[in-house]
Amino acid sequence: MSYFIDRRANARNKSAVNRQRFLRRYRSHIKRAVEESINRRSITDMERGEKVSIPARDISEPVFRHGQGGNRTIVSPGNKEFVTGDRLRRPSGGGGGNGSGDGRASNQGEGMDEFAFSLSREEFLDFVFDGLELPHLERKQLVDMREVRPVRAGVGRDGVPARMNVVRSMREAYARRIAMRAPIRRALREAQEALDEEERKDPVLRNPSRIRELKGEIEALEKRLEAVPFIDTYDLRYNQLADQPQPSNRAVMFCIMDVSGSMTQAHKDIAKRFFLLLYLFLERNYERVELVFIRHHTAAKEVDEEEFFYSRETGGTIVSSALGLLHEVIEERYPPGDWNLYVAQASDGDNWDDDSVSCRRLLDDKLMPLLRYFAYVEITPHAHQALWEEYTRVAERHGKRFAMQQIVEASDIYPVFRELFKRRQAA
């Protein structure tokens, strides 16, 4: 039998691979625990990790052991029940005896039958946003040179040792040795032939000084031949890489939030939590997604992230002002031929008189032909108003590119968010 012993020193983060394998193997259990955690915690508290417990029965693995084997005869002292040939009944119940629990439920800490471990912030967010994506995302034409991919660009004399092309380097060295040694070998062969010819002459006619001269020349040529290096820095060749521009999947997400007087503070808090979740999702999954924040009451205004989430405003409600400003920003800065355009809007559904009809016309005639996706969430526990009815007509006309959901309370945010941005199969 052969034994293999790994004597290599333990590298840093050696357990990282085993941890990732564990997370993949028990993905369904961990994902269920993460979803339960989301329902317990606030959306604003999404960026910390989570402690997860998995029942021990779900992580048990089969184990092989060496049995004693063979026929054995034993003497059991004190036996009054069995004789030779009797079969012993297997004990009832699993685990060979009573477990550590007493069969009663308890809320005091963790049980012995659960395996608990902690998820880091990065791992927790991976499970939170698993299966989500920006729908209908397309790669757009090149508008800048920042998105590139390294591709092979032949072989050159400059480079780093990690990209050395050994085959080409040895080929160059072999060619150089042939080129440098060829004239030396030719001169050496001619000197050797002259020496042989001189030594074959009659001793009377032989020229000793000529012989010494030829031997010295041959010795010098042999030293020159040995001095030719096997490989030289001139021979080294390196694989070259060139940055090749790639089609960009640049996208911009427009976040529109109603801050009018009809939006109570509770409604505004829910809207902010929805956009915080959207912000985390975009920042984590897409490097080239720009965010544009628009707040509106009777008038719309483009604001920065800080003002969007934390400023307090009030007033009447004219939703079309935000859609009109959205169209102006698209025309000025984000041509649809270069950008994937997305919109997420949060409102309580309240709007000024006939402005909902204007909103539908803006969407049908100007905005939807430019957008990849429009997500609307209405934050209200009451019956829908005119804005929802008009948006329903827009959704019927534009199909899967326009999505609507209702949020009643904070616990609805995550399920609604997953429904709006779940991964869809390509048509």
Side-chain angles (χ1 to χ4, degrees), residues 2-25 27 119-127 129-134 137-186 221-252 280-291 337-340 423 426:
S2 300
Y3 294 91
F4 298 91
I5 301 176
D6 186 359
R7 299 189 184 277
R8 293 173 296 180
N10 290 342
R12 295 180 59 188
N13 300 324
K14 185 177 181 181
S15 62
V17 176
N18 293 332
R19 182 177 179 85
Q20 293 302 318
R21 186 184 298 113
F22 177 83
L23 294 178
R24 289 194 301 269
R25 182 169 184 176
R27 190 174 189 84
L119 289 176
S120 67
R121 173 185 177 275
E122 301 297 323
E123 293 167 344
F124 179 74
L125 291 180
D126 283 339
F127 283 99
F129 298 125
D130 180 48
L132 302 182
E133 66 178 1
L134 287 177
L137 185 66
E138 286 186 354
R139 291 191 175 273
K140 295 298 183 176
Q141 65 184 4
L142 289 173
V143 294
D144 55 35
M145 300 297 291
R146 286 185 294 174
E147 186 168 348
V148 295
R149 179 175 64 93
V151 296
R152 291 186 178 274
V155 178
R157 288 191 172 92
D158 299 324
V160 297
R163 289 207 294 264
M164 180 186 297
N165 190 317
V166 178
V167 175
R168 285 295 300 272
S169 298
M170 298 303 296
R171 186 185 302 171
E172 295 292 334
Y174 182 64
R176 178 190 51 79
R177 292 198 305 271
I178 292 176
M180 294 182 66
R181 289 178 176 179
I184 302 176
R185 289 182 184 277
R186 188 181 308 112
L221 290 172
E222 287 177 346
K223 289 182 178 180
R224 286 181 58 191
L225 198 61
E226 293 177 358
V228 176
F230 179 79
I231 191 168
D232 194 79
T233 54
Y234 176 82
D235 306 324
L236 300 182
R237 296 294 183 269
Y238 302 90
N239 295 322
Q240 302 296 306
L241 297 178
D243 291 334
Q244 184 182 76
Q246 295 296 306
S248 174
N249 60 349
R250 300 196 310 173
V252 55
L280 280 175
F281 168 62
L282 296 175
E283 287 292 309
R284 180 167 183 80
N285 292 278
Y286 298 95
E287 296 181 358
R288 299 293 308 280
V289 175
E290 293 193 13
L291 295 170
D338 299 335
W339 293 84
N340 291 280
R423 182 177 292 120

Report the residues that fulfil side chain to side chain contact (heavy atoms under 4.5 Å, CB included) with [X], sequence neighbours left out, ordered by chain and then residue number.
X    : value
V166 : M170
A175 : none
L291 : M253, Y279, L282, E283, F293

Of all heavy-atom pairs linking A173 and F230, the shortest is CB-O, 3.5 Å

How close do R224 and I184 get, counting heavy atoms only, and between which atoms?
NH2-CG1, 3.7 Å

Tell me, please, which residues at least two apart from N239 pass side chain to side chain donor-acceptor pair (under 3.5 Å).
N165

Can you confirm whether more than 12 heavy atoms, excluding those of R176, are under 6.0 Å from its CZ atom?
yes

Applying salt bridge (charged side-chain N to carboxylate O under 4.0 Å, His left out), can you list everything that pairs with R168, at least two apart in sequence or on another chain?
E172

Distance in Å, L236 CG paired with R157 CZ, rounded so as to fall on 0.5 Å steps:
10.5 Å

Among pairs that include at least one residue of residues 177-186, which meet salt bridge (Lys or Arg N to Asp or Glu O under 4.0 Å), considering only residues two or more places apart or in two chains?
none

